[in-house]
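First the structure, which I've put down as structure tokens, then a few questions once you've had a look.
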Amino acid sequence: MDTPLKNLAIIGAGAMGSGIAALFASKGLNIVLIDPMPGALDRAMATIDRQLNVYAPGNVQQAIDRIRFEPGLEAAASCDLVIEAVPENLDLKRDLFAKLDAICPAHTVFATNTSGLSINAIASAVTRRDRFVGTHFFTPADVIPLVEVIRNDDTSEATVNQVMVTLRFAGKRPVLVRQDIPGFIANRIQHALAREAISLLEKGVASAEDIDEVVKWSLGIRLALSGPLEQRDMNGIDVHYAIASYLYKDLENRTEPSDLLKSKVDSGQLGAKSGQGFYTWSPERRERVLREKSATLGELAEFLNRKASDA
Ligand SMILES: NC(=O)c1ccc[n+]([C@@H]2O[C@H](COP(=O)([O-])OP(=O)(O)OC[C@H]3O[C@@H](n4cnc5c(N)ncnc54)[C@H](O)[C@@H]3O)[C@@H](O)[C@H]2O)c1
């Protein structure tokens, strides 16, 4: 079946839910965006309006008109696909899907945007495990092309296919993750990188600005063209082996978050949203970076997609 699922419910209208709703609405699908928390839907409307103005400026009102904003889960009753984007809490997600299982018709496919919780553990709350997947979007969800699709032990081929087709219809590049492992693929790699970067900062090897500068303008710029495995082939696997033989034993390998990370959280230095993290953030700087980053990432993704389809 090559037609996308056309009626979508997005549960949770925060950073991810708003982006996912904006994306699918801009591609002509019907969305109901559900969030019971006071003020959440108003904030989502403002985010969606900002995002659409960045990458679909000629289509803002049409896209917004395709989104119904609702506080109650019952509004998901007539949907073909439900994508859950509520906070990262296993019990909350399980409880929500158990309710949706009773509300939605048998054909409705369920997807969770968990960052790395077990898809099997969430899916065991429903009777339709064959119609349940993980769809892991990346922030900003409407701009970053890749989505990891993770099956649970009972997900059917038909469900994987329907979800892949719907994501491709929206311009995404879905990749199937064959095993339900913590963090899937991207978050395992991202956290290995961040653990080392935070450790370098903690040891005083360089400033936060300089560590970021090194990653952005060396590995970062290259990674968009050659993934880490292709790059090893380009460098020579013997070269990699020789470096790995002396370097691995010196790399950060702690199994708990570092003291620096813990002290940041304990003192409320939570990053851009609290005004202080590894950097200092004014509300204006945060808003400017959010807006400019979406626009630049959108241009970059378009350029790279064009190069990939020309190749
Ligand atoms: N932010 C990211 O970079 C990112 C990336 C990939 C995946 N994720 C995952 O996506 C999910 C959502 O993350 P986020 O960053 O959008 O969080 P967020 O805090 O911005 O949004 C969560 C939303 O869920 C709503 N909510 C809370 N309880 C609810 C309920 N019972 N029913 C419906 N809505 C409810 C909240 O009001 C809030 O609007 C999490 O599982 C997170 O791990 C986040």
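Here, residue 1 is the first one in the sequence, and each next residue gets the next number. Counting starts at 1 for both ligands and their atoms, following the listed order.
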Hey, is ligand 1 close enough to N113 that some N/O pair sits below 3.5 Å?
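Yes, since at least one N or O of N113 sits under 3.5 Å from an N or O of ligand 1.
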Determine, counting only non-hydrogen atoms of the protein, whether one lies under 4.0 angstrom from atom 8 (N) of ligand 1.
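Protein heavy atom within 4.0 Å of atom 8 (N) of ligand 1: present.
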Between S274 and Q269: side-chain donor-acceptor atoms closer than 3.5 Å
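Note: S274 and Q269 side chains miss the donor-acceptor criterion.
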Distance check, rounded to the nearest 0.5 Å: N59 atom CG versus K27 atom NZ?
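If I round to the nearest 0.5 Å, the distance is 9.0 Å.
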Does the protein put any heavy atom within less than 4.0 Å of atom 31 (N) of ligand 1?
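Yes, there is a protein heavy atom closer to it than 4.0 Å.
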Point-to-point distance, once rounded to the nearest 0.5 Å, from CG of D142 to CG of L52:
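It is 7.5 Å, given to the nearest 0.5 Å.
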Looking at R94 and E84, is any side-chain nitrogen of the basic one under 4.0 Å from a carboxylate oxygen of the acidic one?
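Answer for the salt bridge query: no.
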Report the residue from R50, E299, Q51 that forms a side-chain contact (heavy atoms from CB on, under 4.5 Å) with S294.
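The single option meeting the side-chain contact (heavy atoms from CB on, under 4.5 Å) with S294 is Q51.
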Counting heavy atoms only, which part of L92 comes closer than 4.0 Å to ligand 1: side chain, backbone, both or neither?
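Near ligand 1, L92 shows its side chain, while the N, CA, C and O stay back.
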Starting from atom 21 (O) of ligand 1, find the nearest protein heavy-atom neighbour and note its residue, name and distance.
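Its nearest protein heavy-atom neighbour is G14 CA, 3.2 Å.
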At the 4.0 Å heavy-atom cut-off, does R43 count as touching ligand 1?
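R43 does not count as a contact of ligand 1 under the 4.0 Å cut-off.
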Between S115 and ligand 1, does any nitrogen or oxygen pair lie at a separation below 3.5 Å?
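Among all N and O atoms of S115, at least one is under 3.5 Å from an N or O of ligand 1.
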Considering non-hydrogen atoms of the protein only, which is the closest contact for atom 36 (C) of ligand 1, and what is the distance?
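Residue, atom and distance for the closest contact: D35 OD2, 3.4 Å.
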Sub-4.0 Å heavy-atom approach of K93 to ligand 1:
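So K93 counts as touching ligand 1.
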Which residues satisfy the ring-ring contact (aromatic ring centres under 6.0 Å, His included) test with F132, sequence neighbours excluded?
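By the ring-ring contact (aromatic ring centres under 6.0 Å, His included) rule, F132 matches F97.
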One thing to verify: whether K6 and D80 come together as a salt bridge, which I'm taking to mean a side-chain N less than 4.0 angstrom from a carboxylate O.
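Not counted as a salt bridge, because no side-chain N and carboxylate O are separated by less than 4.0 Å.
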In the protein, which heavy atom is nearest to atom 19 (O) of ligand 1, and how far is it?
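Minimum-distance protein heavy atom for atom 19 (O) of ligand 1 reads P87 CG, 4.6 Å.
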Does the pair K99/D95 count as a salt bridge with the N-to-O cut at 4.0 Å?
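D95 and K99: salt-bridged.
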Just by distance, with hydrogens left out, do T127 and D101 show a side-chain donor and acceptor under 3.5 Å apart?
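Short answer, yes.
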Considering non-hydrogen atoms of the protein only, which is the closest contact for atom 17 (O) of ligand 1, and what is the distance?
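For atom 17 (O) of ligand 1, the nearest protein heavy atom is A15 N, 4.7 Å.
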Side chain, backbone, both or neither: which part of I11 comes within less than 4.0 Å of ligand 1 when only heavy atoms are counted?
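Answer for I11: side chain.
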With only distance considered, is G17 within less than 3.5 Å of ligand 1 through an N or O on each side?
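Among all N and O atoms of G17, none is under 3.5 Å from an N or O of ligand 1.
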For atom 29 (C) of ligand 1, which of the options I83, I34, V86, I20 provides the nearest non-hydrogen atom?
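The nearest heavy atom belongs to V86.
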Has the side chain of K262 got a donor or acceptor atom that lies under 3.5 Å from a matching backbone atom of P257?
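It does not hold such a pair.
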Using a cut-off of 6.0 Å, state whether more than 12 heavy atoms not belonging to F303 lie near its atom CZ.
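At most 12 heavy atoms, drawn from other residues, nucleotides or ligands, come within 6.0 Å of this atom.
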Which protein heavy atom lies closest to atom 28 (N) of ligand 1, and at what distance to 0.1 Å?
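I find the closest protein heavy atom is M37 CE, 3.5 Å.
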Which residues pass the salt bridge (Lys or Arg N to Asp or Glu O under 4.0 Å) test with D233, sequence neighbours left out?
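Once residues adjacent in sequence are excluded, D233 has no partner under the salt bridge (Lys or Arg N to Asp or Glu O under 4.0 Å) criterion.
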What residue and atom, counting heavy atoms only, is the protein's closest point to atom 13 (O) of ligand 1, and at what distance?
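Result: M16 CG, 3.8 Å.
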Once you restrict to heavy atoms under 4.0 Å, what part of A13 touches ligand 1? Side chain, backbone, both or neither.
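Backbone only.
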Within the 4.5 Å heavy-atom criterion, are P174 and V163 side-chain neighbours or not?
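No. Closest side-chain heavy atoms not under 4.5 Å.
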For atom 6 (C) of ligand 1, what's the nearest protein heavy atom and its distance?
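Residue, atom and distance for the closest contact: F137 O, 3.1 Å.
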When you measure from the side chain of T155 to the backbone of V133, do you find a donor-acceptor pair of N or O atoms at a distance under 3.5 Å?
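The answer is no, because no donor-acceptor pair under 3.5 Å joins these two groups.
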With heavy-atom distances below 4.0 Å as the criterion, list the atoms of ligand 1 near H136.
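The atoms of ligand 1 under 4.0 Å from a heavy atom of H136 are 6 (C), 7 (C).
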Checking contacts here: is it the side chain or the backbone of F138 that comes within 4.0 Å of ligand 1, counting heavy atoms only? Could be both or neither.
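Neither part.
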Give the atom numbers and elements of ligand 1 that come within less than 4.0 Å of a heavy atom of T139.
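Under 4.0 Å from T139, ligand 1 has these atoms: 3 (O).
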Residue and atom name of the nearest protein heavy atom (relative to atom 33 (C) of ligand 1), distance in Å to one decimal
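Residue, atom and distance for the closest contact: P36 CD, 3.2 Å.
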For ligand 1, which atoms sit closer than 4.0 Å to a heavy atom of E88?
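Going through ligand 1 atom by atom, the ones under 4.0 Å from E88 are 40 (C), 41 (O), 42 (C), 43 (O).
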Nearest heavy atom to atom 22 (C) of ligand 1 wins, so pick from A85, G12, P71, A186.
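Answer by nearest heavy atom: A85.
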